[in-house]
Amino acid sequence: MLSYVWPKDRPDLRARVVLSLGLLAGAKVKMFAPNTEQMHVVNHCEGKPVEGKRNVLQESARIARGDVTDLAKLDVKDFDALIIPGGFGVAKNLSDWAVKGKDYTVQPQVEKVIKAFRQAGKPLAMCCISPVLAAKALPGCEITVGQDKECEKWPHAQTAGVMKDMGCTHVNKNVGEAHVDVKNKLVTTSAFMCNAAFHEVFDGIGVMVSELLKLA
C-alpha cells in the first residue's frame, strides 16, 4: 500500500525499492493506494504548502510506474499478505499523525483493509512510521519503531512511548532487526526511524520481508 512521496520521503522511496526487490525473490507484488486527496500540496523550492490539490493514487503512480490500483478495489481473498511502507505519506495521507500526534486517526479505508487482513488470518508488515497504523487498527498489538530512548541515532523514539500509552507492546529492536507479533501475524521494523546507513536499513527491511513470507 502506497501513500505518495515528497522530498522528505526520498529515503522511504528507497525503502519501497528494497521492499520490491526483496519480494521479487519470493512473491508477486501488486501496489495499491487510496483514491483521495493529499493532505496538502508542497512547493518543494520553499518546502511550504501551497494552494492546489493532488490525488494520492495518481501521485503514487510515480513510484509504481503507473501500475497502481485504487485501494477500494483490494479484495483480501486475492492476496496472501499486506505491506505498508513508511514515510510522510503515512503520517499525512494514511493518517493524521503528522498534525495530531497521539490524538491521530487512521484513514477509514486503510483501517478497514488492515483489519480485514487480520480477520482473514493473513500476515501484515509495516516499517518506519507505518506501525502507528497497526497500533490504532489492532489494539494491543506488538510492534517496534526501533528504540524508546531518544538520542542522535534515534530522534523519533518518543513514538514508542505513544504506542505504549495506547496499550501496545513496544519491543526495542536495532535497525537491522524486525519484530514478529505472532498472535496478530504482524511484522515491523524501524527503517528510517533510525539515523543509520542505508545498508543497515536495507538489512532490517530484508528481515521484515523474510519473516512476512514465512507467515504467508
Side-chain angles (χ1 to χ4, degrees), residues 1 3 12 15-16 18-30 32 71 74-87 90 94-95 97 102 104 106-107 110-149 154 156-194 196 200-216:
M1 185 190 300
S3 54
D12 291 283
R16 289 166 173 83
V18 172
L19 282 169
S20 295
L21 291 174
L23 287 167
L24 284 173
K28 293 181 180 179
V29 179
K30 180 67 177 176
F32 291 85
L71 185 61
L74 191 158
D75 191 333
V76 175
K77 74 175 188 300
D78 295 332
F79 297 91
D80 297 315
L82 172 69
I83 293 183
I84 306 180
V90 169
L94 302 190
S95 73
W97 171 271
K102 65 180 182 179
Y104 74 107
V106 176
Q107 202 250 28
V110 173
E111 185 168 4
K112 179 181 177 181
V113 168
I114 293 172
K115 289 181 174 179
F117 270 85
R118 172 66 183 91
Q119 290 168 0
K122 296 184 176 183
L124 306 101
M126 304 182 194
C127 61
C128 195
I129 192 61
S130 66
V132 303
L133 304 176
K136 186 70 74 169
L138 308 174
C141 65
E142 299 174 7
I143 60 174
T144 188
V145 288
Q147 299 289 314
D148 59 5
K149 288 183 171 55
W154 296 98
H156 310 292
Q158 72 275 10
T159 304
V162 175
M163 301 298 97
K164 293 178 185 177
D165 291 343
M166 292 175 61
C168 295
T169 298
H170 181 268
V171 181
N172 284 341
K173 290 287 185 178
N174 290 321
V175 66
E177 301 175 314
H179 177 70
V180 181
D181 177 348
V182 177
K183 178 182 177 181
N184 290 295
K185 290 190 174 181
L186 172 65
V187 189
T188 52
T189 190
S190 61
F192 290 97
M193 297 294 276
C194 180
E200 294 179 283
V201 176
F202 183 106
D203 290 343
I205 294 173
V207 172
M208 183 189 74
V209 171
S210 294
E211 294 297 329
L212 177 77
L213 293 179
K214 289 177 185 178
L215 295 172

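None of these values were measured; they are calculated from a predicted model.
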Can you tell me which residue among Asp80, Leu124, Val187 is in a side chain to side chain contact (heavy atoms under 4.5 Å, CB included) with Leu215? Val187

When Val90, Val162, Val106, Leu133 are each screened for side chain to side chain contact (heavy atoms under 4.5 Å, CB included) with Trp97, the one that passes is Val162

Nearest non-hydrogen partners of [X] and [Y], listed with the distance:
X: Lys149; Y: Ala157; answer: C-CB, 3.5 Å
X: Cys128; Y: Ala191; answer: N-CB, 3.8 Å
X: Phe79; Y: Lys30; answer: CE2-CB, 3.6 Å
X: Val132; Y: Tyr104; answer: O-OH, 2.6 Å
X: Cys127; Y: Pro85; answer: SG-CA, 3.8 Å
X: Trp154; Y: Gly146; answer: CZ3-CA, 3.4 Å

Compare all side-chain heavy atoms of [X] with those of [Y] and state whether any distance is below 4.5 angstrom.
X: Glu177; Y: Val207; answer: no
X: Val113; Y: Val110; answer: no
X: Ile143; Y: Thr169; answer: no

Can any side-chain N or O of [X] pair as donor or acceptor with the backbone N or O of [Y] at less than 3.5 Å?
X: Thr189; Y: Met208; result: no
X: Asp148; Y: Gln158; result: no
X: Gln147; Y: Lys173; result: yes
X: Asp75; Y: Lys77; result: yes
X: Thr144; Y: Thr188; result: no
X: His170; Y: Val145; result: yes
X: Asp203; Y: Gly176; result: no

How long is the straight-line distance from SG of Cys141 back to NZ of Lys136, given to the nearest 0.5 Å? 11.5 Å

Euclidean distance, Leu74 CG relative to Phe32 CZ, rounded to 0.5 Å: 4.0 Å

Output every pair passing side chain to side chain donor-acceptor pair (under 3.5 Å) with a member in residues 115-131, not counting sequence neighbours, ordered by first then second residue. Glu111-Lys115, Arg118-Asn184

May I ask you to check whether over 12 heavy atoms, not counting those of Lys183, lie within 6.0 Å of atom NZ? no

Other residues, nucleotides and ligands only: do more than 12 of their heavy atoms fall within 6.0 Å of NZ on Lys112? no

Walk me through it: do Ile84 and Leu94 pass the test side-chain contact (heavy atoms from CB on, under 4.5 Å)? CA-CA 10 Å; Ile84 306 180; Leu94 302 190; 4.0 Å; yes

